[in-house]
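Note that ligands are numbered from 1 as they come in the structure, with each ligand's atoms numbered from 1 the same way. Just so it is clear, the model here is predicted, and its values are computed rather than measured.
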Amino acid sequence: MAKLISGKEVSSKVKAEVREETAELVKKGIKPGLAVVIVGNDPASRVYVNSKKKACEEVGFSSFEYALPEETTQEELLELVSKLNNDDSVDGILCQLPLPEQIDENAVINAIKPDKDVDAFHPFNVGKIMIGDFAFLPCTPAGVMELIDSTGVDISGKSCVVIGRSNIVGKPMSMLLLHRNGTVTICHSRTKNLAEICRNADILVAAVGKANFVTADMVKDGAIVIDVGMNRLENGKLCGDVDFENVEKKAGYITPVPGGVGPMTIAMLMKNTLTAAKMHNNLI
Ligand code: GUN
């Protein structure tokens, strides 16, 4: 039976560290600030944004919410981003994705000043991640690394398989594992022999977006299985990409959904916002 990796526990530790460092900054008159922009009425986005604001309160940051209507134009959003870029009380800017279809997501990401890009989505920061010299962590992949590290297993030389090649998760995830000397395979919708490749993984990261995609026959005995999936079932239940009930019997370690990767993403966002505040005050 797999050991459960608790994202709640690991994220609490990360947030406690951020809170301590923030208290020291506040003594010097520096209060980190995060601007969260949400456009439209996507219910999942609303839940994420509320969690991000709550985390800001927990660690002692200022948070500024900008909730714009569904019909907001690209020009209007770019104008807000420009205003936030020039506002010294704002250290980090987060535009919750997805954006409504009339807005070009890339144009918005490219408009955020790289030193306020706490999602690490701007091409400048993506490039830094690629070469392994980065200040901002890609939040979800960095959260996954913390979860793997919490097991005490050394990544170096391990066979690591990432299912999914998105810019937000799959690609940066693969880079972080590679920087730690994992032997990384990226699988995607066109991959042949997916089950066989997964069965070879000492560390398996699922970021597919399909409920119960990873079944027990795809998992090596004793593997670390990390589930990045967040799928809403018809009955309203939240469920990951991994068939938890059966994979749990085979894996060495496994993350639950909810309570696994989700809380980590937010904790790493807090860490990035703290980093941004330190950068803006010449402390790093
Ligand atoms: N939508 C889903 N995940 C994320 C994330 O990590 N950052 C932003 N900005 N939007 C998202």
Side-chain angles (χ1 to χ4, degrees), residues 7 11 14-15 33-56 61 63-68 70 72 74 77-78 80-81 84-85 90-101 103-114 116-126 129 134 136-147 162 164-173 175-176 205-210 226-232 238 240-241 257-258 260-273 275-276:
S11 68
V14 173
K15 282 191 286 186
L34 177 67
V36 181
V37 181
I38 177 169
V39 185
N41 310 308
D42 181 58
S45 289
R46 174 38 69 193
V47 173
Y48 292 138
V49 164
N50 288 348
S51 307
K52 288 167 186 177
K53 276 167 51 189
K54 186 166 156 264
C56 283
F61 295 171
S63 75
F64 314 100
E65 181 182 309
Y66 295 84
L68 306 182
E70 181 78 31
T72 300
Q74 181 164 319
L77 182 54
L78 290 176
L80 173 61
V81 169
L84 298 172
N85 279 340
V90 172
D91 292 295
I93 303 169
L94 181 136
C95 267
Q96 187 65 30
L97 304 180
L99 293 167
E101 60 183 16
I103 298 175
D104 174 2
E105 276 181 9
N106 282 334
V108 177
I109 290 168
N110 292 351
I112 296 173
K113 262 176 84 191
K116 295 193 176 189
D117 169 39
V118 285
D119 263 323
F121 290 168
H122 190 287
F124 176 84
N125 289 318
V126 173
I129 292 162
F134 50 95
F136 290 135
L137 309 158
C139 298
T140 297
V144 171
M145 296 303 279
E146 294 278 339
L147 293 175
V162 178
R165 54 173 158 178
S166 69
N167 289 334
I168 294 184
V169 183
K171 285 182 203 165
M173 185 73 249
M175 277 302 134
L176 297 194
V205 180
V208 192
K210 286 187 186 156
I226 308 282
D227 191 347
V228 184
M230 285 267 196
N231 308 296
R232 187 73 62 180
L238 198 64
D241 291 344
V257 175
V261 175
M264 291 308 299
T265 298
I266 295 178
M268 302 323 274
L269 174 70
M270 297 300 111
K271 205 164 169 169
N272 280 346
T273 305
T275 300

Please determine whether a side-chain nitrogen of the Lys or Arg among Glu65 and Lys54 lies less than 4.0 Å from a carboxylate oxygen of the Asp or Glu.
no
Separation between NZ (Lys116) and CG (Leu84), nearest 0.5 Å, reads 7.5 Å
Could you go through residues 91-100 and list every donor-acceptor pair under 3.5 Å that involves a side-chain atom there, pairing it with any protein atom two or more places apart or in another chain?
unit_1, atom_1, unit_2, atom_2, d
Asp91, OD1, His280, ND1, 2.8
Asp91, OD2, Gly33, N, 3.0
Gln96, OE1, Lys52, NZ, 2.7

Sorted by chain and number, sequence neighbours left out, side-chain hydrogen bond (donor to acceptor under 3.5 Å, both in side chains) with Arg232 holds for none
Contacts of Asp241 meeting side-chain hydrogen bond (donor to acceptor under 3.5 Å, both in side chains) (sequence neighbours excluded), chain-then-number -> Asn231
Could you list each N/O atom of ligand 1 together with any protein N/O atom closer than 3.5 Å, one pair per line with the distance?
unit_1, atom_1, unit_2, atom_2, d
ligand 1, 1 (N), Gln96, NE2, 3.2
ligand 1, 1 (N), Leu97, O, 2.9
ligand 1, 7 (N), Asp119, OD1, 3.0
ligand 1, 7 (N), Asp119, OD2, 3.4
ligand 1, 9 (N), Cys95, O, 2.9
ligand 1, 9 (N), Asp119, OD2, 2.7
ligand 1, 10 (N), Leu97, N, 3.0

Check whether any side-chain heavy atom of Ser11 sits under 4.5 Å from a side-chain heavy atom of Ile266, and report yes or no.
no
